[in-house]
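Presented below is the structure to which this report refers.
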Protein chains: 2
Amino acid sequence: MDGLITDEADGSVPPATLTEAIYGRIRKDILLGLFKPGDKLKLDALRQRYVASVNTLRETLSRLVSEGLVANEGQRGFTVVPASLADLQDITEMRTLLECHAANLSLQRADLDWESRVVAAYHKLSKIEEVVEGDPKRYSPLLERYNREFHQALISACGSRWLLTFHGFMYDQSLRYRMLAFQVRDFPRDQSRREHRQILDAALARDADTLVSVLSAHINKGAKLYEQEGLIRDAGPKRRPRAAGKSRSRKK
Amino acid sequence: MDGLITDEADGSVPPATLTEAIYGRIRKDILLGLFKPGDKLKLDALRQRYVASVNTLRETLSRLVSEGLVANEGQRGFTVVPASLADLQDITEMRTLLECHAANLSLQRADLDWESRVVAAYHKLSKIEEVVEGDPKRYSPLLERYNREFHQALISACGSRWLLTFHGFMYDQSLRYRMLAFQVRDFPRDQSRREHRQILDAALARDADTLVSVLSAHINKGAKLYEQEGLIRDAGPKRRPRAAGKSRSRKK
DNA sequence: CAAATCACAAATATAGGAAATTATGTCATT
DNA sequence: AATGACATAATTTCCTATATTTGTGATTTG
């Protein structure tokens, strides 16, 4: 994004502080399903896993709370946000709304830079998909990465910083459900190669209507695959309601 | 939202921890324009103002970073996110998109509870507007509050938790610009009584098309008022780019 | 002589450890 | 079986140490 030369080959900024580094690691571990929905994130345990102090951990977890990946609730620590069918559907609808809207805007503002970003991202994605099709059971981090980059490239010319931010949130949330689905069984890899091709063609043809319909179908078809029974327990472990009004005493 | 009986008359949950309380206070102080865009948030100064330790402050600021109200950048502390015309326009467009979409959904799912929430919220807002019209220069926190509650009630039946969350973000961001405008001069109070009435009527009549057009106009008209020259300096104090790749040493 | 460079001191941010507060689980008692 | 007291575990908070940035003035260089 920023045309600067950095250490990182992929253009991402290397974390300048320990907090940032650990933030990235925990975030990744939640999205990848290493911590499951409802899991308690005990500070002492985390302190061992990632070698860091309590404050550093609290700081990163606080950020994840604002992003909707971690819950905090009162005086009883941090937990991974629970997963539910209703939540998945909400996320899917929201991602559809944002991504289609952003894709539309991108088409309107499309220039050569955008077009080449899309083509390049598609090329990478396509090559990996070809490889993975031979071994559909294997989880491929590279496929996930290029898939994301393709979808991001598509909307990268929308011109709205906030739209990109919100879409990023929703993409990550849906990624979490995708990864949760992977964990349960060898996941029937969705054959999305053709769909990606259709998306690319519609984008290059500047055909907004087709693009929106294909993109929308693509997103929702993907989400449907994660809605398998057993994947999601709608209610987490029930907690007793907190005593209201009490426990409000602190010295000084 | 949660029908529980709490200490607070307005239904909001009382902060259970110091961090939560201070989070709310700093958030409010930024939105009200007490801290201006680009301001440095020095930890030691904050430690005095809100009586709390450094870690508590860092935790709250970290959350505000994820919400887009505070910036963090590397090893040089926290600053209030800068304000710009482009940002205001982006926020306005985004809020329009989300609020109109949510209002539409609300109409579809409208029930008696929703209708009475809207009517009640309008009633409060209307009464306050009547009072404030007599003294247009005065800043009225109650007006701000009831305005928010009216807009929230309108979309409260949309059924999407994420839509409400994102809309809340955008509403707060636009509120910040509104407050910044107030600071510069006695702000010509926008005569939005009629518009609110029109919104209410369209909502009760279940007239989606009219509702969307009136609501959209209302939001954009408001934002136009904040776009006054001098309110916003588009570029903050320029910083030199950080030395890439260097300064990556930490003992142990 | 001006501008840039460097070294040093002060200010500030980040991270670690420990104390204080609150929640949780266990076991005896009613 | 329910209640209460106690011990233990976990969370929240503060204080202190280290590392980094920033400001100041002297020195060198063009």
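Note that the structure is a prediction, hence the values are computed from the model and not measured. These values consider heavy atoms only, across backbone and side chains, with no hydrogens, waters or symmetry-generated copies. Numbers restart at 1 for each chain; the letters A, B, ... are given by sequence-line order, proteins then strands.
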Open item on the list: What I want to find out is whether D39(A) reaches K36(A) closely enough, with some N-O distance under 4.0 Å, to be called a salt bridge.
Closed with: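 Between K36(A) and D39(A) there is no salt bridge, as every charged N stays at least 4.0 Å from the carboxylate O atoms.
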Open item on the list: One thing to verify: whether D172(B) and R148(B) come together as a salt bridge, which I'm taking to mean a side-chain N less than 4.0 angstrom from a carboxylate O.
Closed with: yes
Which nucleotide in [options] has an atom nearest any side-chain atom of [X]:
X: Q75(A); options: dA10(D), dA23(C), dT21(D); value: dA23(C)
X: R58(B); options: dT14(C), dT12(D), dT12(C); value: dT14(C)
X: L43(A); options: dT13(D), dT14(C), dT12(D); value: dT12(D)
X: R76(B); options: dT22(D), dT12(C), dT11(D); value: dT22(D)

Does [X] put a side-chain nitrogen or oxygen below 4.0 Å from OP1 or OP2 of [N]?
X: T56(B); N: dT12(D); answer: no
X: S53(A); N: dG16(C); answer: yes
X: K40(B); N: dT12(C); answer: no
X: T19(A); N: dT14(C); answer: no

- [ ] Tell me, with the steps shown, if F150(B) and R145(B) meet side-chain contact (heavy atoms from CB on, under 4.5 Å).
- [x] CA-CA 9 Å; F150(B) 176 63; R145(B) 177 172 153 189; over 6 Å; no
- [ ] Using only heavy-atom distances, decide whether a donor-acceptor pair under 3.5 angstrom links the side-chain of N55(A) to the base of dC14(D).
- [x] yes
Task: Pair F166(A) + F166(B): ring centers closer than 6.0 Å - done: yes
